[in-house]
Amino acid sequence: MLLYNASSVVTEFIVGGFDTTNSPIVVGVIILIVYIVAVIANLVNILFIIYDKRLHKPMYYLICNLAVVDILFTSSTSPTMIGVLVASVKTISYVPCLIQMFAFNLGWVMEMFALAVMAFDRLIAISRPFHYHSYLTNARTLVLTYILWIVACGLAAIFPVTVIPLPHCYTVLKYAFCDYPAIIRTTCVDPNYYFNIAVVIIFFLVFFTFGFICLSYIGIIYFVKLSSNNDKMKMGSTCLSHLIVVTCYYFPIFIHSILTRLGVVLTLEARNGLMIGSILGPSLINPFVYCLRTKEIKYKIIMMFKKV
């Protein structure tokens, strides 16, 4: 739909990313089920950690923070996609659309920050096990987490700030929700400049966080080699949960980046699939990984079901 006036005329957008989807209700119900399970599982992790004082330790605070990020990340987009697919509610107001874009990017940035800090936590735990609690105290962990949230809010705010002054010529969003590329494509300006801004920010964040995680694991591998066989098994078990979570999050990002660099033009369905997988996948897998591989949380769940 073409608009001839400035952006002040825009009151709502039409989400058109699922117009060619086969069996939209089935897809929507699947997303709904995954979303509900992911939110409940992350809430369970958060409640266990909050109400058990024995879990008030840096590692569990970081797990709790990751659960909060996962809820924000998946909740920023899933209700809109479910509404479009299941209830055929394809419109979203201008301001909520910008809020959704901010929340999505905040969750996206914080997911990387959270995983990077958790890698650093494992490095300290393995390289300095006897001084771990003096280096990484509860207070320092909370302060670091607050700082990362503030920085992430600043980075996520760049996207709506650059969009708000732009005039809009279209109201149909090409993709599945209010992400930055979809909104930029509705404006009357050349999108390449704004896409380049996004590429620079994304490259910096992915390179910095993934590089930091890789360096942390290089240090972990070094200290593991110096340890006994029993210690190696314990250290490997400690890091496996984090490695699974990192793989689930970064794998879709790298797949999308590699395909784009190779000149592969993704169909709308393929792009939506990668995007939805990168949002729902980690949020669903993360709580179960930490529930099943963290003995304190697993023990509490087992005891809870025994009481029932």
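Only this structure's heavy atoms are used, side chains among them; waters, hydrogens and symmetry mates stay out.
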Under the side-chain hydrogen bond (donor to acceptor under 3.5 Å, both in side chains) rule, what do Glu269 and Thr21 come out as? Steps first, then yes or no, please. CA-CA 7 Å; Glu269 289 79 5; Thr21 302; 5.6 Å; no

Determine whether Ser283 and Tyr35 satisfy the following criterion, side-chain hydrogen bond (donor to acceptor under 3.5 Å, both in side chains), listing intermediate values before the conclusion. CA-CA 8 Å; Ser283 301; Tyr35 172 62; over 6 Å; no

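- The shortest non-hydrogen separation linking Thr74 to Ile279 is CA-CG2, 3.8 Å.
- No donor-acceptor pair closer than 3.5 Å links the side chain of Arg122 to the backbone N or O of Ile220.
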Does the side chain to side chain contact (heavy atoms under 4.5 Å, CB included) test come out yes or no for Thr145 and Phe113, once each step is laid out? CA-CA 9 Å; Thr145 302; Phe113 283 173; over 6 Å; no

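- Judged by distance alone, with hydrogens and angles left aside, the side-chain atoms of Thr186 form a donor-acceptor pair with the main-chain N or O of Ile183 at under 3.5 Å.
- Across all their heavy atoms, Thr247 and Pro252 have their closest contact at O-CD, 4.4 Å.
- Because its NZ or CZ atom is not both nearer than 6.0 Å to the ring centre of Tyr135 and within 45° of the ring axis, Arg128 does not count as a cation-pi partner of that residue.
- Looking only at atom types and distance, the side chain of Thr187 has no donor-acceptor partner in the side chain of His168 under 3.5 Å away.
- Taking 4.5 Å as the limit, some side-chain heavy atom of Trp149 sits within range of a side-chain heavy atom of Val69.
- Closest of all the heavy-atom pairs between Pro24 and Leu85 is O-CB, 3.4 Å.
- The closest side-chain donor-acceptor pair between Thr162 and Tyr180 falls under 3.5 angstrom.
- When every heavy atom of Met118 is checked against every heavy atom of Ile63, the shortest pair comes out as CE-CG1, 4.0 Å.
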Decide side-chain hydrogen bond (donor to acceptor under 3.5 Å, both in side chains) for Gln100 and Asn105; before the verdict, give the C-alpha distance in whole Å, the side-chain angles of both, and the deciding distance to 0.1 Å. CA-CA 9 Å; Gln100 181 181 93; Asn105 287 299; over 6 Å; no

List the steps and the verdict of side-chain hydrogen bond (donor to acceptor under 3.5 Å, both in side chains) for Asp121 and Tyr132. CA-CA 9 Å; Asp121 169 75; Tyr132 172 79; 2.3 Å; yes

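- Classification of Asp179 and Arg271 as a salt-bridged pair holds, one side-chain N sitting under 4.0 Å from a carboxylate O.
- Of the possible polar contacts, one joining the Asn138 side chain to the His56 backbone as a donor-acceptor pair under 3.5 Å is found.
- Smallest separation of non-hydrogen atoms from Leu106 and Cys153: CD1-N, 3.6 Å.
- A single hydrophobic cluster is seen to contain both Ile82 and Ile36, as judged by linkage of ILVMFWY side chains at heavy-atom distances under 4.5 Å, directly or through other members.
- Cluster annotation: Phe102 is connected to Ile164 through the hydrophobic network of ILVMFWY side chains, with a link wherever side-chain heavy atoms come within less than 4.5 Å.
- Under the 4.5 Å side-chain heavy-atom criterion for grouping Ile, Leu, Val, Met, Phe, Trp and Tyr, Phe207 is not connected to Trp108 through any hydrophobic cluster.
- Within a 6.0 Å radius of CG in Leu47, other residues, nucleotides and ligands contribute more than 12 heavy atoms.
- At a threshold of 4.5 Å between side-chain heavy atoms, the hydrophobic network of Ile, Leu, Val, Met, Phe, Trp and Tyr places Val29 and Val27 in one connected group.
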Go through the steps to decide whether Tyr217 and His242 satisfy the test ring-ring contact (aromatic ring centres under 6.0 Å, His included), and finish with yes or no. CA-CA 11 Å; Tyr217 272 96; His242 184 259; 5.7 Å; yes

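- No donor-acceptor pair closer than 3.5 Å links the side chain of Asp52 to the backbone N or O of Phe48.
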Given the rule in the ring-ring contact (aromatic ring centres under 6.0 Å, His included) test, do Phe254 and Phe210 qualify, once you have shown the distances and angles that lead to the verdict? CA-CA 11 Å; Phe254 288 140; Phe210 189 74; 4.9 Å; yes

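- With Ser76 contributing its side chain and Phe73 its backbone, the two residues share a donor-acceptor pair below 3.5 Å.
- Within the 3.5 Å criterion, the main-chain N or O of Asn286 finds no donor-acceptor partner in the side chain of Asp70.
- A pairwise comparison of heavy atoms in Ala41 and Pro287 identifies CB-CG, 3.6 Å as the closest pair.
- Counting non-hydrogen atoms of other residues, nucleotides and ligands closer than 6.0 Å to CZ of Phe251 gives a total of 12 or fewer.
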List the steps and the verdict of side chain to side chain contact (heavy atoms under 4.5 Å, CB included) for Ile46 and Val68. CA-CA 8 Å; Ile46 293 171; Val68 172; 3.7 Å; yes

Could you go through Tyr175 and Met275, starting from their C-alpha distance and side-chain angles, then the distance that decides it, and tell me whether this counts as side chain to side chain contact (heavy atoms under 4.5 Å, CB included)? CA-CA 10 Å; Tyr175 302 133; Met275 184 64 73; over 6 Å; no

